[in-house]
Amino acid sequence: MIGFGGKSADHNAVTFNVDPTGKSIIFSSADEHLYLLDLGTSVVSAITTPSGSAVDASFSPDGDSIVYATPNQSNGFDLETLNLKSRAVKHLTTGTSTSDSQPCFSPDGRSVAFVRAHRYRAYSMGGMVWDDYDIYLLDLESGTAKRLTDEKYYAAGSPSFSDHGKSITYSCSRHDLNVGTGINKISISSGSRPITVMPGTQDGYRGGAFASEAQISPDDSKMTFISDRAKPYEYDVYIADTDGSNPHRLELTKVSSYNQSPRFSADGQAVYVLAGMNQVSLYWIDFDGHTREVADSEMFSSPEKWKGPSSP
């Protein structure tokens, strides 16, 4: 989970998601405030949340509301929803010893999947970090949060509804230095166990993320994810079937060797992705590997001064 306090558009401070209508992108800037990018006009507008700071925003299926993570008083994050029309805010979770992040709406808009960290501990290199992550599902009508996994992952992220809302696909890594980041799936039915969609490693693999940051396409037919399986520590964008079969590399490493947060376009025919290590830009790439820059790093570091994409 990203931390608050960054002042440059680096990979520790920026998140984004795509409007289900395909008209806009919501993103958090380097100072952790939310903005909308109109994809037709390249106009950026601010979204005001009660605390000011917010990240990990994503849209409801109808595009009228957003859910996001906002800092709490326990060095963690709580979840809120904001209706973009009425401006009504609803506080969803309150953590005194937990931290909630990376929320996403279910296809019917009735629930929110998210990642919860259960332990705030001292890091071996100094400082404090959250640990023991699991996947949760929050019923928006009752306000009840149900724990779907009980794995106490070293890291977990990018929950995305699959199987037409019956399951959640997510990335995870365990407390095992010999196993990297993989992709699992959990049914929302009670009592089920996670199944492996893609393992965290394979024979001969020496990279940093064999399969990470998975997201399911709007029509539930494809999955996009990040992997350095082709060349260690060169993190490329991949497309695969939702069961992990037929992975196809898009070769965005020709633009940047460090790519993250792939998000399907609204029509499911391309992927938006953050490219770059220290100064991220927003790129669009189709399944044939054709690319274009949507926004340079200035949009994330100085959104209110940004004048649109650079001319070719």
Side-chain angles (χ1 to χ4, degrees), residues 1-2 4 15 17 19-20 26 28 32-34 47-120 130-153 156-172 184-194 215-216:
M1 176 63 195
I2 67 173
F4 288 83
T15 60
N17 259 299
D19 175 0
I26 190 168
S28 58
E32 296 90 23
H33 292 154
L34 293 183
I47 298 176
T48 303
T49 59
S51 67
S53 296
V55 294
D56 291 346
S58 60
F59 289 94
S60 60
D62 59 11
D64 289 343
S65 297
I66 57 173
V67 60
Y68 54 89
T70 186
N72 59 28
Q73 299 300 312
S74 302
N75 296 307
F77 301 87
D78 294 336
L79 303 183
E80 292 179 344
T81 57
L82 170 67
N83 187 293
L84 296 174
K85 295 181 177 180
S86 69
R87 314 308 295 179
V89 175
K90 184 177 181 180
H91 204 72
L92 300 181
T93 64
T94 301
T96 56
S97 59
T98 57
S99 181
D100 299 335
S101 62
Q102 303 178 70
C104 68
F105 280 96
S106 61
D108 61 11
R110 296 178 180 177
S111 58
V112 167
F114 65 96
V115 177
R116 172 167 287 177
H118 298 89
R119 184 165 66 120
Y120 194 53
W130 284 98
D131 197 358
D132 292 352
Y133 289 88
D134 273 295
I135 304 299
Y136 279 71
L137 184 68
L138 176 72
D139 184 292
L140 292 175
E141 182 176 354
S142 68
T144 302
K146 179 172 71 172
R147 185 173 186 167
L148 298 183
T149 66
D150 191 9
E151 306 297 314
K152 297 180 175 62
Y153 294 113
S158 60
S160 182
F161 281 88
S162 52
D163 298 329
H164 303 286
K166 296 179 181 178
S167 304
I168 296 170
T169 298
Y170 61 97
S171 300
C172 59
N184 280 10
K185 182 169 70 172
I186 183 72
S187 170
I188 64 174
S189 300
S190 299
S192 61
R193 291 296 309 276
Q215 195 202 31
I216 304 300

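Contact record, G63 with L84: O-CD1, 3.8 Å, taken as the closest heavy-atom pair. When all heavy atoms of T70 and S53 are compared, the pair lying nearest together is OG1-O, 3.0 Å. In terms of heavy-atom proximity, G109 sits nearest to L140 at O-CD1, 3.4 Å. The nearest pair of heavy atoms linking L79 to T93 is N-OG1, 3.0 Å. Between D78 and G95, the closest heavy-atom pair is OD1-N, 2.9 Å. Across I186 and P194, no two heavy atoms sit closer than the pair CD1-N, 3.5 Å.
Each of S167, P107, S187 was checked for a side chain to side chain contact (heavy atoms under 4.5 Å, CB included) with S162, and the lone residue meeting it is S167.
For the residue pair Y170/Y133, the side-chain donor-acceptor check at 3.5 Å is not satisfied.
At a threshold of 4.5 Å between non-hydrogen side-chain atoms, the residues V67 and E80 do not count as touching. The shortest distance between side-chain heavy atoms of Y68 and I47 does not fall below 4.5 Å.
The side chain to side chain contact (heavy atoms under 4.5 Å, CB included) check on P61 picks up F105, with sequence neighbours excluded. Evaluation of the side chain to side chain contact (heavy atoms under 4.5 Å, CB included) rule for R193 yields E151 as partners, not counting sequence neighbours. D163 is linked by a salt bridge (charged side-chain N to carboxylate O under 4.0 Å, His left out) to K185, counting only residues two or more places apart in sequence or in another chain.
One finds the CG atom of L92 at 5.0 Å from the OG1 atom of T81 (value rounded to the nearest 0.5 Å). Distance CG/D131 to OG/S99: 12.0 Å, rounded to 0.5 Å. Atom CG of residue D19 and atom OG of residue S58 lie 11.5 Å apart, to the nearest 0.5 angstrom. Taking OG of S86 as the start and CG of D64 as the end, the distance is 9.0 Å to the nearest 0.5 Å. Atoms CD and CD1, from Q102 and I135 in turn, are 8.0 Å apart once rounded to the nearest 0.5 Å. Taking CG of D56 as the start and OG of S158 as the end, the distance is 10.5 Å to the nearest 0.5 Å.
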* Does the pair F77 and W130 meet the rule for a side chain to side chain contact (heavy atoms under 4.5 Å, CB included), with working shown? -> CA-CA 11 Å; F77 301 87; W130 284 98; 5.6 Å; no

* Go through F161 and I168 one step at a time and tell me if the side chain to side chain contact (heavy atoms under 4.5 Å, CB included) criterion holds. => CA-CA 4 Å; F161 281 88; I168 296 170; 4.0 Å; yes

* To do: Show your working on side chain to side chain contact (heavy atoms under 4.5 Å, CB included) between N17 and T15 and close with a plain yes or no.
  => CA-CA 7 Å; N17 259 299; T15 60; over 6 Å; no

* To do: Evaluate side chain to side chain contact (heavy atoms under 4.5 Å, CB included) for L34 paired with I66, printing each intermediate quantity in order.
  => CA-CA 11 Å; L34 293 183; I66 57 173; 4.0 Å; yes

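For K166, the NZ atom counts as loosely surrounded, since its 6.0 Å shell holds 12 or fewer non-hydrogen atoms of other residues, nucleotides or ligands. Counting non-hydrogen atoms of other residues, nucleotides and ligands closer than 6.0 Å to CZ of R147 gives a total above 12.
The main-chain N or O of H118 is never found under 3.5 Å from a side-chain atom of K152 such that the two would form a donor-acceptor pair. Using a distance-only test at 3.5 Å, with no hydrogens or angles considered, a donor-acceptor pair links the side chain of S60 to the main chain of S65.
Electrostatic pairing of R116 and D134 does not count as a salt bridge here, judged by no charged N lying under 4.0 Å from a carboxylate O.
In this pair, Y136 and F114 present their aromatic rings parallel. The plane angle is below 30°, not in the 30 to 60° band.
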